[in-house]
Amino acid sequence: MSSYTPQQLEPRWQAQWQADGLYRQVIDHNKPKHYALTMLPYPSGDLHIGHWYAMTPSDARARYMRMKGYNVMFPMGFDAFGLPAENAAIKRNIHPQTWTFANIERMRGQLRSMGAMFDWEREAVSADPSYYKWTQWFFKKLIELGLAYRKLSAVDFCPNCNTTLAREQVWGDDRHCERCGTPVIKKDLEQWFFKTTDYAEELLDFSQIDWPERVKVMQTNWIGRSEGANVVFKTEQGDEMPIFTTRPDTLWGATFMVMAPEHPLVDTITSAEQAEAVREYREQAQRLTDIDRESADREKTGVFSGGYAVNPVNGARIPIWVADYVLMGYGFGAIMAVPAHDQRDFEFARKFGLEIIPVIQPESGALDADAMPESYVGPGVMVNSGPIDGTAVSDDKGRKNPSIAAAIDWLADHNAGEEAINYRLRDWLISRQRYWGAPIPVVYCPEHGAVPVPDEQLPVLLPEDVEFMPTGESPLRFHEEFLHTECPICGGPAQRETDTMDTFMCSSWYQYRYLSPNDDEAPFDPTEGAYWLPVDQYTGGIEHATMHLIYTRFFTKAMREMGLVDFAEPMLALHNQGMVLGEDNEKMSKSRGNVVAPDDLVQQYGADTVRTYLMFFTKWDQGGPWNYDGIKGPQRLLLDVWDIAQHAYAPQKEDAQATRNLRRKTHQTIRKVGQDFESFSFNTAVAAIMELRNTLNDAKRNQNVSAAAWAEGVESMLLLLAPIAPHITEELWAQRGRPYSIHQQSWPQWDEAIAKEDTITLIVQINGKVRDRIDVPAGTPEADLKAAALASDNVQKHLEGKEPRKVIVVKGKLVNIVR
RNA sequence: GCCGAAGUGGCGGAAUAGGCAGACGCGCACGACUCAAAAUCGUGUUCCUUCGGGAGUGUGGGUUCGAUUCCCACCUUCGGCACCA
């Protein structure tokens with residue numbers, strides 16, 4: 001018998017597996033495929049415990065699927081472009097490329113120490129020119145499809161990261177940068193966008209995918225669909241002034257209009273008398289940050305423009321106000337205001353003494369415009385509304401509400417508007433004023449404008465010799481050689497685009513690059529794609545719910561338009577893990593000093609123990625604070641497994657009942673662990689294996705089970721543990737003379753007859769309180785259960801000679817006697 | 001404000017087509033081994049108790065023979081959205 005030394009055994013098996021290509025994952029049409037994917041890491045320098053927490057259960061489940069008979073692909077790569085590399089360059093004068101690729105090298109080694117079944121021949125690195133060539137190619141394809149465009153607009157800019165951000169990367173009430181937490185500011189810049197909004201409706205359809213409810217709700221909120229109508233008002237100057245409203249039924253109650261301060265028509269409609277006031281108001285609005293402007297509790301401000309609009313439903317002449325509670329970025333940047341039935345408009349009208357006309361009459365009677373304390377938003381019946389008077393108003397949204405349906409029909413009949421749907425989702429801003437990203441493959445020619453770089457010139461390589469200075473402009477702008485080029489159309493002098501792409505662009509299609517990471521002809525090999533795609537099981541953190549997970553869905557839909565794939569959803573199933581916190585229950589960070597280093601743990605306990613603990617210590621979806629003492633449980637488990645599997649078992653006083661009990665436990669455990677792997681309940685799977693260990697320990701001590709039952713128990717335990725602790729199980733499997741490799745064995749099967757309990761503990765209750773427990777054979781008829789319960793001494797005592805009023809018998813479980 | 005998730009021993013967590021609350025583990029206590037300690041092994045471990053029992057899954061109600069599980073109201077924590085027309 002040897003002692004368990006994972007520090008020696010684990011690297012030995014890792015080398016063996018690699019030498020044998022045990023985890024090479026190639027097309028095999030004889031087996032069903034399973035594409036398991038876990039979110040790829042950013043090469044920040046060290047693999048931290050959070051990576052282990054995300055990856056090892058994903059690996060265990062991929063291994064389980066493999067043992068279940070699937071041909072499993074489980075690749076790994078690096079999301080290698082991004083800001084930290086550039087910040088390191090600025091701070092420590094290391095080139096981002098050097099820094100990044102050194103980190104990748106280091107993390108590869110750390111990932112190997114995990115013993116995961118990654119197929120390293122499928123590795124993809126997004127900062128490698130052979131990868132970003134195709135990121136650039138996709139950019140061009142999106143232009144061709146009309147899904148990428150350049151626009152000047154007020155965009156979110158992080159003054160700390162010195163770059164613009166997508167709307168999705170601006171978080172929280174204070175509108176801070178998702179990366180660094182700095183509040184963002186607005187800047188007017190010409191930037192590249194992807195038309196994610198084209199797919200707003202399709203992105204709301206989750207019927208093809210099995211994703212967590214939470215993610216679906218978050219994406220649904222994010223996309224923010226509203227049903228209503230577009231209605232065209234006309235200004236007195238004759239300009240069309242379209243607005244969007246979810247309540248077209250209240251059009252007859254519109255008493256004024258409001259334009260956002262940035263609205264292009266503001267100058268046209270403003271009267272000479274009001275010009276100065278409007279100018280002042282606009283300047284003041286510009287000075288306010290978004291945080292101030294968008295806080296709902298702030299008192300409404302605004303100014304009369306002096307202009308008027310005509311309500312198309314009744315010809316009413318109503319004043320146009322300018323106010324910052326209307327946002328330029330949503331709808332048309334202008335609204336009709338119906339103070340009687342919208343709280344925001346109501347507050348505005350009361351403050352500025354504007355007219356209020358109720359058009360919905362609640363059941364309780366007519367509203368009094370002068371007395372109402374707040375707007376009325378409930379159901380009722382339409383009044384003061386000409387053609388739709390008398391129509392019922394329900395609480396429903398859109399056409400389901402009879403009054404809204406009537407209004408929409410009226411608008412369509414009179415050519416005044418049409419049914420419309422508006423989304424909160426904005427197009428994806430992908431330009432970044434940073435160096436360490438994939439260059440946007442576009443050239444600007446004075447003659448031909450923005451011209452995409454021809455395919456044969458891809459990739460547009462990042463030059464290495466650049467100055468890293470956080471100027472708010474891309475460092476590439478100051479690189480003369482890069483900047484100056486020729487127009488692909490006329491050959492005349494032209495300038496390159498110097499912004500790079502959002503790194504979320506790189507990670508939007510990485511699951512496809514794994515199929516053929518060295519392919520120079522296409523982003524991925526269609527033969528590989530036909531077999532492996534789409535991803536069957538995706539795992540990763542919830543923090544990407546409205547970023548990466550929306551982008552990659554958009555990307556796949558665009559790839560469908562490109563004819564590259566024939567499906568609409570990139571990942572059929574998704575499971576989110578939680579987060580490991582420090583022992584102090586806080587997010588791990590160097591500054592807090594609560595970081596758990598997996599390398600040290602592996603050194604001390606071995607990777608198998610770390611893996612087992614990470615799967616055991618909490619529910620995976622939930623995460624929680626790390627606890628250094630807790631790892632002793634899994635450590636003892638593996639030490640016991642080591643002793644049990646090496647034990648030269650010889651029965652002394654063989655007992656049929658003990659043998660039966662062990663076999664039952666073995667088969668019950670096989671059943672339980674399989675169920676738990678299916679449902680990602682890894683903590684209870686490990687607990688079940690611990691129970692089997694306990695039963696085997698009893699048998700070992702008592703030497704009273706048959707040799708066959710012992711061997712069955714031990715080897716089943718090794719097989720069940722193999723996905724969780726791949727090294728120790730491989731070693732013990734080999735030591736027991738079983739065929740290499742344990743990871744190529746079939747998942748064990750259970751026999752229901754053996755797993756079945758043959759006695760049950762009957763619970764005897766009186767008025768719902770447990771008064772006795774009686775062991776009876778499984779399958780005892782109800783009448784006998786009842787008789788046994790009534791015969792109990794304790795029951796007789798509590799009944800005090802009285803007849804029970806009622807006896808409830810639950811077969812195989814309990815008897816409840818109602819006194 | 002709106003939407004969603006969650007509240008169970010000292011701790012992490014089990015158990016919900018309504019049926020033994022606390023699986024498994026950590027920790028702790030006692031015992032064994034040891035000169036001693038660690039490790040290991042064994043026993044115990046929700047609380048209260050006059051040792052008969054009683055109380056107990058955030059709080060208060062309800063349905064039921066029976067509720068951690070279902071219903072209503074509320075409290076707390078976390079997450080998302082929020083002047084989105």
Side-chain angles (χ1 to χ4, degrees), chain A residues 171-173 212-226 228 243-248 250 257-258 260 293-300 323-327 329-338 341-345 347-348 422-426 542-543 545-546 612-613 616-619 621-637 639-640 643 672 681 683-694 697 701 760-770 772-773 797 804-819:
Chain A
W171 284 17
D173 305 351
E213 208 51 40
R214 190 161 52 139
V215 175
K216 294 194 278 187
V217 166
M218 283 169 75
Q219 293 202 348
T220 303
N221 285 346
W222 187 257
I223 295 165
R225 184 182 196 271
S226 304
I243 57 107
F244 172 76
T245 175
T246 55
R247 295 308 300 264
T250 63
M257 311 284 292
V258 185
R293 261 188 78 165
E294 291 184 10
S295 87
D297 9 305
R298 184 173 142 254
E299 199 179 335
K300 305 235 166 338
D324 63 7
Y325 80 92
V326 171
L327 310 172
Y330 184 81
F332 296 97
I335 61 158
M336 68 164 185
V338 184
H341 306 293
D342 180 287
Q343 188 56 24
R344 296 155 300 183
D345 300 343
E347 285 167 22
F348 195 81
N422 227 298
Y423 303 91
R424 212 184 64 94
L425 182 73
R426 311 287 171 82
I542 187 74
E543 65 274 15
T546 56
T612 308
Y613 182 48
F616 177 70
F617 90 102
T618 179
K619 353 185 186 203
D621 316 12
Q622 183 184 291
W626 177 262
N627 180 299
Y628 279 99
D629 285 330
I631 200 169
K632 288 189 176 134
Q635 184 188 27
R636 285 170 191 150
L637 170 67
L639 285 167
D640 285 350
D643 287 346
K672 171 73 174 153
S681 304
N683 56 339
T684 50
V686 176
I689 293 170
M690 285 172 167
E691 286 188 54
L692 178 57
R693 174 269 313 258
N694 292 344
N697 262 340
R701 192 173 329 128
I760 57 142
T761 303
L762 182 72
I763 302 307
V764 182
Q765 298 182 328
I766 295 178
N767 290 345
K769 284 190 200 305
V770 179
D772 206 354
R773 287 152 215 251
K797 205 175 89 190
R805 284 204 291 142
K806 198 171 167 187
V807 179
I808 286 132
V809 181
V810 181
K811 204 162 175 289
K813 278 189 181 146
L814 65 66
V815 175
N816 188 15
I817 297 161
V818 187
R819 199 155 59 104

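Letters A, B, ... mirror the listed sequences (proteins, then strands); counts begin at 1.
Counting to the nearest Å, the P atom of B:rC83 and the NZ atom of A:Lys300 are 10 Å from each other. The nearest whole Å value for the distance from the CD atom in A:Glu543 to the C1' atom in B:rC78 is 15 Å. Rounded to whole Å, atom C1' of B:rA21 lies 14 Å from atom CG of A:Leu814. Look at CD1 on A:Ile631: it is 15 Å from P on B:rA39, rounded to the nearest Å. Note: CD1 (A:Ile817) to P (B:rC20) measures 16 Å, nearest angstrom. Nucleotide B:rG25 holds its P atom 14 Å from the OH atom of A:Tyr613, rounded to whole Å. One atom, CG of A:Leu639, and another, C1' of B:rC26, lie 16 Å apart when rounded to the nearest Å. What separates CZ of A:Phe617 from C1' of B:rG13 is a distance of 11 Å, to the nearest Å.
The main-chain N or O of A:Val338 is found under 3.5 Å from a side-chain atom of A:Asp345 such that the two form a donor-acceptor pair. A donor-acceptor pair under 3.5 Å is formed between the side chain of A:Asn816 and the backbone N or O of A:Gly768. Checking side-chain atoms of A:Thr246 against main-chain N and O of A:Gly228 turns up no donor-acceptor pair under 3.5 Å.
Across the C1' atoms, B:rG25 and B:rA17 are found 30 Å apart, a figure rounded to whole Å. Across the C1' atoms, B:rC83 and B:rG79 are found 23 Å apart, a figure rounded to whole Å. Here the separation of B:rC81 from B:rG10, taken at their P atoms, is 37 Å to the nearest Å. The P atoms of B:rG9 and B:rU57 are separated by 10 Å, rounded to the nearest whole Å. B:rC71 and B:rA6 have their P atoms separated by 12 Å, given to the nearest Å. To the nearest whole angstrom, the two P atoms, one in B:rC41 and one in B:rC24, are 16 Å apart. Taking atom C1' in both B:rU69 and B:rG7, one finds a spacing of 14 Å when rounded to whole Å. With both ends at atom P, the span from B:rC33 to B:rA38 equals 15 Å, rounded to whole Å.
The A:Arg636 side chain lies nearest to B:rU40 when the options are B:rC81, B:rU40, B:rA14. Counting only heavy atoms from C-beta on, A:Asp629 has its side chain closest to B:rC26 among B:rA23, B:rC26, B:rC3. In the set B:rC24, B:rC65, B:rA85, B:rC24 carries the atom at the smallest distance from any side-chain atom of A:Glu691. Side-chain proximity of A:Met690 to the nucleotides B:rA14, B:rC24, B:rC26 is greatest for B:rC24. Distances were taken from every side-chain heavy atom of A:Asn683 (C-beta onward) to each of B:rG66, B:rG13, B:rC83; the shortest belongs to B:rG13. When distances are taken from the side chain of A:Met218 to each of B:rG80, B:rA85, B:rC83, the shortest belongs to B:rG80. Minimum atom distance to the side chain of A:Gln622 is reached by B:rG13, of the listed B:rA85, B:rG13, B:rG19. Considering only the side chain of A:Ile335, B:rA85 comes nearest among B:rA85, B:rC24, B:rC20. In the set B:rG25, B:rA85, B:rA21, the nucleotide with an atom closest to the side chain of A:Val770 is B:rA21. Residue A:Arg701 places its side chain closer to B:rG42 than to any other of B:rG42, B:rC65, B:rC20.
Checking the phosphate oxygens (OP1, OP2) of B:rA85, no side-chain nitrogen or oxygen of A:Arg424 falls inside 4.0 Å. Of the side-chain N and O atoms in A:Arg214, none sit less than 4.0 angstrom from OP1 or OP2 of B:rC3. Of the side-chain N and O atoms in A:Lys769, none sit less than 4.0 angstrom from OP1 or OP2 of B:rG53. The side chain of A:Arg693 contributes an N or O atom lying less than 4.0 Å from OP1 or OP2 of B:rG25. The phosphate of B:rC24 has neither OP1 nor OP2 within less than 4.0 Å of any side-chain N or O from A:Thr684. Under 4.0 angstrom from either OP1 or OP2 of B:rG13 there lies at least one side-chain N or O belonging to A:Thr618. Taking side-chain N and O atoms only, A:Lys632 has a distance below 4.0 Å to OP1 or OP2 of B:rG27. Between A:Asn694 and the phosphate of B:rG25, there is a side-chain N or O to OP1/OP2 separation shorter than 4.0 Å.
Using a 4.0 Å heavy-atom cutoff across all strands shown, A:Gln343 reaches no nucleic acid atom at all. When heavy atoms are screened at a 4.0 angstrom cut-off, A:Tyr423 is found touching no nucleic acid atom at all. In this structure, A:Arg773 reaches the bases: a heavy-atom distance under 4.0 Å links it to at least one base atom across the strands shown.
If you check B:rU64 for Watson-Crick or wobble pairing at under 3.5 angstrom, you find it has no partner at all. Of the nucleotides present, B:rC3 is the one that pairs with B:rG79 by Watson-Crick or G-U wobble criteria, both distances under 3.5 Å. In this structure B:rA36 sits in no base pair that meets the Watson-Crick or G-U test at under 3.5 Å. Base pairing of B:rG10 is made with B:rC26, judged by Watson-Crick or G-U wobble geometry with both donor-acceptor distances under 3.5 Å. Of all nucleotides present, only B:rA55 satisfies the Watson-Crick or G-U wobble test against B:rU46, with each distance under 3.5 Å.
Regarding the sugar-base torsion, B:rG53 falls in the anti class, its angle being beyond 90° of 0. Base orientation of B:rG10: anti, since the glycosidic angle falls outside 90° of 0.
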Applying side chain to side chain contact (heavy atoms under 4.5 Å, CB included) to A:Val215 and A:Ile542, what does each step give before you reach the verdict? CA-CA 7 Å; A:Val215 175; A:Ile542 187 74; 3.5 Å; yes

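For the pair A:Lys300 and A:Tyr325, the cation sits on the ring face: its NZ or CZ lies under 6.0 Å from the ring centre, inside 45° of the axis.
Applying side chain to side chain contact (heavy atoms under 4.5 Å, CB included) to A:Leu814 and the options A:Thr761, A:Ile763, A:Ile760 leaves one that passes, A:Ile763.
The shortest distance between side-chain heavy atoms of A:Asn422 and A:Tyr330 falls below 4.5 Å. Under the 4.5 Å side-chain criterion, counting only non-hydrogen atoms from C-beta, A:Leu637 is not in contact with A:Tyr613.
Nucleotides of RNA chain B nearest to A:Lys813 and A:Gly329 differ in position, and the one nearer the 5' end is that of A:Lys813. For the pair A:Arg426 and A:Lys806, both in contact range of RNA chain B, the more 5′-proximal nearest nucleotide belongs to A:Lys806.
Contact annotation: side chain of A:Asn221 to base of B:rC81, donor-acceptor pair absent below 3.5 Å.
Legend: residues meeting side chain to side chain donor-acceptor pair (under 3.5 Å) with A:Asp342, ordered by chain and number and at least two apart, are A:Arg344.
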